[in-house]
Each structure stands twice: as structure tokens, then as C-alpha cells.
Number of protein chains: 2
Amino acid sequence: MAVDGSLDGTGIAAADWSKVRDLLHARGLRWTPQRRALLEVLASTDGHVTGAELVERCRAIDPATIPSTVYRTLDVLEEIGFVSHSHTADGREQFHVLPVVEHGHLECRRCHDSWEIPVDEAAELVTALERGRGFAVDLSHLSILGLCAACRES
Amino acid sequence: MAVDGSLDGTGIAAADWSKVRDLLHARGLRWTPQRRALLEVLASTDGHVTGAELVERCRAIDPATIPSTVYRTLDVLEEIGFVSHSHTADGREQFHVLPVVEHGHLECRRCHDSWEIPVDEAAELVTALERGRGFAVDLSHLSILGLCAACRES
DNA sequence: ATTAATGCAAACGGTTTGCACTACT
DNA sequence: AGTAGTGCAAACCGTTTGCATTAAT
């Protein structure tokens, strides 16, 4: 996989990287090899990963990766709106990239696989809570634990 | 507040304690001062507390309280079905006493207050996920973050 | 007399912090 | 040159573990 957006041939990822680079530069922030590595990792996720997983995957690219650098970069990426975070059922931080649509997460307590819940699937709950209690649900922080179809059968 | 269920005059708490004591004895487990203290704390909660909060409140009763004892007791209380646990939005363990009805939690990201969500309020979501994906929601682990009515106004 | 439960201390895992140094701009 | 970002190490917080000791049965 390409490491520099400007030389990349895969399209989407390259576009995202230069966008991030520009957003950083616009704020006087900098583009470093460590940030590039994290962006590379983020670009190849299916949309949600824990902080610890990101550290691990960055280490695959650069074994010298330091956790604090990853977490600090995640903070700035969250500030510029490139990622957002919620929490898994067992309390670890869960990050997701540029959510095109806001969504929650569904997690199986047995196989620990997880899926996204799009707005429309949670719509009834969200509007019910809003109408009944005036509570504005933060869907991107919604994490539902349960048993997936496959695990229920076996 | 009374410390021994058999001498207690307040009713509910005393009943719960002897029930727990009996459940423990039925399994060859023991009734200790430390467990009594935790039960006293649990009896006076509004239904949900974090593990760390329980440790702190037990210390108010007995300053010599040891965290591991509290957590170990919570484990057995969960085993005998007297409490169950989920996780708060920031990932700490959240315990609740004998849920008469299974329920989730609503937490305000600003004032950090929290409320219970009874089954019926989550019913639509639960059945939608079950029908659409065969996913069995674990309502007692459901924790929704958002902005409460009071905090939205100000 | 059993053996469950405790106190203690140390370790855990994920994340955060302080600080001197490095390297983007 | 200026200062954002890094590497490192140490601290953090809530929770868990191992083990010798205590105490409920």
C-alpha cells in the first residue's frame, strides 16, 4: 500500500490523506510520518476500531510506534472532525473514520464481532426518547450488546 | 441505618439482605461483615452505581474496605442474580440491584446524570434489530449517551 | 476442622501526562 | 528560528490476581 497520498494510485485513501494534511496545515499543525502511518491504518479499517487496535496496527507499519503519539494524533483527528469516538461494551475507546452517516454499534457478546447501526434502524428509539423525555440521543456513541444471529443458533 | 437484617425496622432492605444471606448459604457461601456493608450500600442506591463508587461508599461505612473484596463480592452477587452489570459511557463498570424489569441506561454527556430506560421504551429498537438481523439485544447492557432535556435548554 | 473470604500488595490494560529532544514549517 | 510533535518513562484509574492469613460454617 502506498505511503504518500500524492503518489498513491488507490484513490479514496489518497484523497483522504491530502484532505487531512490540508486541514492540519490550515491550523498550523504538522504532517509527520507517524500521522501518515495512522492515517494509512485508519483508511484501511472497516469503520470502527479500538485505540489499542490502532496502536497495534500502526506497529505493523512501524514497530517503533509509541502509544501516546497515536492517542495524541487521534485527539487532533477528532478535533478536525476526521474521526469520532465512542466506547465498546467493555469500555475501551472505539474510533471511527469520517462517518458519512451517523451510526451506532452492535456488538455480539459471544463472538465479539460488531456491526454498524444506521440512523434509520435506531430512528424509532431516538424519536421515542426525544419525544418522551426531551433526550437527544448521541447515535455515534450508541453501543448495543447482545447475541448475533449466528451465535444464537449454535 | 440498621446493619443487621434481623434487627432492622425499615422493611425492604432487611428482606433483601436475608434473601441474599439465604441464597449465599444455599450455595455454601458465607455471610460476612464486608458483604453486609456492601449490601447496605446497594440497598440505598437508586439502582445504578459504578464499581468505584461502591468501593467509596463502602469506605464510608468501613474505612478499611478493600477494593478487591468489593469486586469479588459483586461477582458472587452477580452469580446469584442479585445484581447485574453493564458499562457507563466512559467505560467503567456499572452495577444495578435486582432489576425487577430489565432496563438500559440513558446518560447525559454534559451533566453526567443518568436514568433508566424501561423495556417498553426500547421495545421498537429491540424488535427491529431482532427482526432485521436476528440480533438479540441485551437490554441490561444498553447504555445511551446524549443530551438531557435540561442541558439542551441551557 | 474445613474451606470460603479477607487483606495486602502487586500487576493488569488501556490511556494520559510531563519533559527534554527532534524535526516539520 | 520557532514551535508542533515525538519518544520515553512514569503515572494514571478502575479492576483483577496470587497468596498467606483470618474467620464463618
Side-chain angles (χ1 to χ4, degrees), chain A residues 4-6 17-18 20-39 48-59 61-80 83 85-95 112, chain B residues 4-6 17-18 20-39 48-59 61-80 83 85-95 112:
Chain A
D4 183 332
S6 62
W17 296 351
S18 30
V20 171
R21 195 173 46 202
D22 293 348
L23 279 167
L24 291 173
H25 282 162
R27 300 194 173 205
L29 305 179
R30 296 171 187 177
W31 183 243
T32 68
Q34 295 83 351
R35 293 188 170 173
R36 201 194 301 135
L38 177 55
L39 262 290
H48 50 278
V49 249
T50 64
E53 271 166 9
L54 288 172
V55 171
E56 208 172 311
R57 294 191 196 176
C58 281
R59 259 201 253 271
I61 295 177
D62 176 7
T65 298
I66 295 303
S68 53
T69 299
V70 173
Y71 286 108
R72 282 190 280 230
T73 298
L74 286 168
D75 284 347
V76 333
L77 291 180
E78 185 151 27
E79 254 167 59
I80 66 174
V83 300
H85 87 282
S86 54
H87 290 266
T88 65
D90 62 337
R92 285 176 305 182
E93 294 202 296
Q94 181 168 59
F95 294 88
H112 296 104
Chain B
D4 183 331
S6 61
W17 297 349
S18 31
V20 171
R21 196 173 45 204
D22 293 349
L23 278 167
L24 291 173
H25 284 163
R27 300 194 173 204
L29 305 179
R30 295 167 188 181
W31 184 242
T32 68
Q34 295 82 352
R35 293 188 170 174
R36 200 192 302 133
L38 178 55
L39 262 291
H48 50 279
V49 249
T50 65
E53 270 166 10
L54 289 172
V55 171
E56 209 172 312
R57 294 190 195 176
C58 282
R59 258 200 254 271
I61 296 177
D62 176 6
T65 299
I66 295 303
S68 54
T69 299
V70 173
Y71 286 108
R72 281 191 281 230
T73 298
L74 285 168
D75 284 347
V76 332
L77 291 180
E78 184 151 27
E79 253 167 59
I80 67 175
V83 300
H85 86 281
S86 54
H87 290 266
T88 66
D90 62 338
R92 286 176 304 183
E93 294 203 296
Q94 179 168 59
F95 293 88
H112 296 104

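Chain naming here is simple, since letters A, B, ... match the order of the sequence lines and numbering starts at 1 in each.
- When the C1' atom of dT15(D) is taken as reference, atom CG of Leu54(B) falls 13 Å away, rounded to whole Å.
- Per the geometry, CG belonging to Leu29(A) stands 20 Å off P belonging to dG2(D), to the nearest Å.
- Judged by distance alone, with hydrogens and angles left aside, Arg72(B) brings a side-chain donor or acceptor within reach of the base of dG18(D), the pair sitting under 3.5 Å.
- Checking Phe95(B) against Pro33(B), the closest nucleotide of DNA chain D that is more toward the 5' end is the one next to Phe95(B).
- Looking at which nucleotide of DNA chain C each of Ala52(A) and Thr73(B) is closest to, the 5′-most match is held by Thr73(B).
- Proximity note for Tyr71(B) (side chain, C-beta onward) versus dT17(C), dG7(C), dT15(D): the nearest is dT15(D).
- At least one donor-acceptor pair under 3.5 Å links the side chain of Arg35(A) to the backbone N or O of Arg30(A).
- If you measure from atom CD1 of Ile66(A) to atom P of dA4(D), you get 22 Å, rounded to the nearest angstrom.
- In this entry the distance linking NE2 of His25(B) with C1' of dT2(C) reads 15 Å, nearest Å.
- The side chain of Thr32(B) places an N or O atom within less than 4.0 Å of a non-bridging phosphate oxygen (OP1 or OP2) of dT6(C).
- Within 6.0 Å of the CD atom in Glu53(B), the count of heavy atoms belonging to other residues, nucleotides or ligands exceeds 12.
- Atom-to-atom, CZ of Arg30(B) to P of dA23(D) comes out at 12 Å; the value is rounded to the nearest Å.
- Counting only heavy atoms from C-beta outward, the side chains of Ile66(B) and Val55(B) never approach each other to under 4.5 Å.
- Within the structure, a side-chain polar atom (N or O) of Arg35(B) is placed less than 4.0 Å from OP1 or OP2 of dA5(C).
- Nearest to the side-chain atoms of Pro67(A) among the listed nucleotides dA4(C), dA4(D), dT15(C) stands dT15(C).
- Out of dA4(D), dT6(C), dG7(C), the shortest distance to the side chain of Ser68(B) is found at dG7(C).
- Without hydrogens or angle criteria, Arg59(B) side chain to Thr65(B) main chain gives a donor-acceptor distance under 3.5 Å.
- Checking the phosphate oxygens (OP1, OP2) of dA23(C), no side-chain nitrogen or oxygen of Gln34(A) falls inside 4.0 Å.
- At dG7(C), one or more side-chain N or O atoms of Thr69(B) fall inside 4.0 Å of OP1 or OP2 (strictly under the cut-off).
- A donor and an acceptor atom, one from each side chain of His85(A) and Glu78(A), are located under 3.5 Å apart.
- Straight-line distance from the CD atom of Glu53(A) to the P atom of dG14(C): 10 Å, rounded to whole Å.
- Residue Glu78(A) contributes atom CD, which lies 13 Å from atom P of dT15(C) at whole-angstrom precision.
- dG14(C) atom C1' lies 13 Å from atom NE2 of His85(A), rounded to whole Å.
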